[in-house]
Amino acid sequence: MAQNTALSLPVSHHDLLLSHFRAAHDVLLNEQDLSPRNPKINSCLSAFVAAVLDCHCHDICDLLAMPEVMAKRDTLLPKLAQAEYEMEKFFALDFAAQDVLTDTDLDHFIYRDNYVELVAEEIDAARAANVLPHDRPVVFVGAGPLPFSAIDMHKQTGLKMICIDSDADAVALSRKMIAALGLQDAIEIVQSSGEDFDYSGAGLVMVAALVSAKDNVLARVRDTAPGVGLAVRSAEGVRTLLYEQADERALDRAGYDYAGKSRITDTIINTTLFFQPRPV
Ligand SMILES: C[S@@+](CC[C@H](N)C(=O)[O-])C[C@H]1O[C@@H](n2cnc3c(N)ncnc32)[C@H](O)[C@@H]1O
């Protein structure tokens, strides 16, 4: 129990989480600027994310069944996606303004450690699920303006990465950053929607949590690279207040069998699910 000192009453983690959820909902719906330039966005999102990570009911959380929470979550999730894109773009503009970047420069990104940790967990889970390629490239769909997932996946495995994103700004900024790091031969940036890309030649396809039209992306992967494994970023329990949970039935319909998931930790929000293509 946390303590509400003003009222001297015990306050449960759920009460705190509910108040931060409501505050984040109201601020994100009312503000025009959802980037880190807006101090209201910074403070409400840091408090909300901390409250989510502090709530250890991964499987069952009564909050998720409250009609108010269910309704507000539907309007909050698209705003959170926009705020994440704006946050990535904000940091990417700084990185892309430099001609040369070093590994130390990358540590200036405040969430760098979270990416390093998430990718390490994903590599362990991909190996256990037997979907990590030995030499063929990993295609990352929805890599965004700040391609840390691809950078860390390459640094930790040595595998070539192909990042795809439909957004022209995300592609221009991430291409500049990869060139400044001297990684252009190891990490290719392609402007394409995940629904149109030709995945043949891929060793593994990873789908970011915020990718839209996921069913169409899955169908396209299955059509163009039928024997390749999939990794889909998802969220569980109370963390679905921040991200949609991947639809395992859609993956089953698309011809994929569940093969494992990354470990849930106290600091990583996402869980990544791994799938093997079902033999036809
Ligand atoms: C916030 S960002 C990046 C995610 C983050 N960097 C990560 O590692 O998970 C999400 C990106 O996905 C891209 N995106 C969303 N749906 C897509 C799709 N169907 N095909 C390609 N890119 C997509 C958006 O343009 C956006 O840049």
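Just follow the structure's listing: the first ligand is 1, and inside any ligand the first atom is 1. Sequence positions, counted from 1, serve as the residue numbers for this chain. Keep in mind that what you see is a predicted model, and the values were worked out from it rather than measured.
Relative to the ring axis of Phe197, Arg220 does not place its NZ or CZ within 45° and under 6.0 Å from the centre.
Without hydrogens or angle criteria, His25 side chain to Leu76 main chain gives no donor-acceptor distance under 3.5 Å. The closest donor-acceptor contact from the side chain of Thr240 to the backbone of Tyr243 lies at 3.5 Å or more, if one exists at all. A donor-acceptor pair under 3.5 Å is absent between the side-chain atoms of Arg233 and the main chain of Asn270, judged by distance alone.
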Identify all pairs of nitrogen or oxygen atoms, one from ligand 1 and one from the protein, separated by less than 3.5 Å, and list them with distances.
residue, atom, partner, partner atom, Å
ligand 1, 6 (N), Glu88, OE1, 3.3
ligand 1, 6 (N), Glu88, OE2, 2.9
ligand 1, 6 (N), Ala143, O, 3.2
ligand 1, 8 (O), Ser149, OG, 2.7
ligand 1, 8 (O), Arg233, NH1, 3.1
ligand 1, 9 (O), Arg233, NH1, 3.1
ligand 1, 16 (N), Ser212, N, 3.0
ligand 1, 16 (N), Ser212, OG, 3.2
ligand 1, 19 (N), Glu195, OE1, 2.9
ligand 1, 19 (N), Ser212, O, 3.2
ligand 1, 20 (N), Gly194, N, 2.8
ligand 1, 22 (N), Ser166, N, 3.3
ligand 1, 22 (N), Ser166, OG, 3.4
ligand 1, 25 (O), Asp165, OD1, 2.6
ligand 1, 27 (O), Asp165, OD1, 3.3
ligand 1, 27 (O), Asp165, OD2, 2.7

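When all heavy atoms of Arg112 and Asp103 are compared, the pair lying nearest together is NH1-O, 4.2 Å.
Aromatic ring orientation, Phe109 versus Phe91: perpendicular (interplanar angle above 60°, classes split at 30° and 60°).
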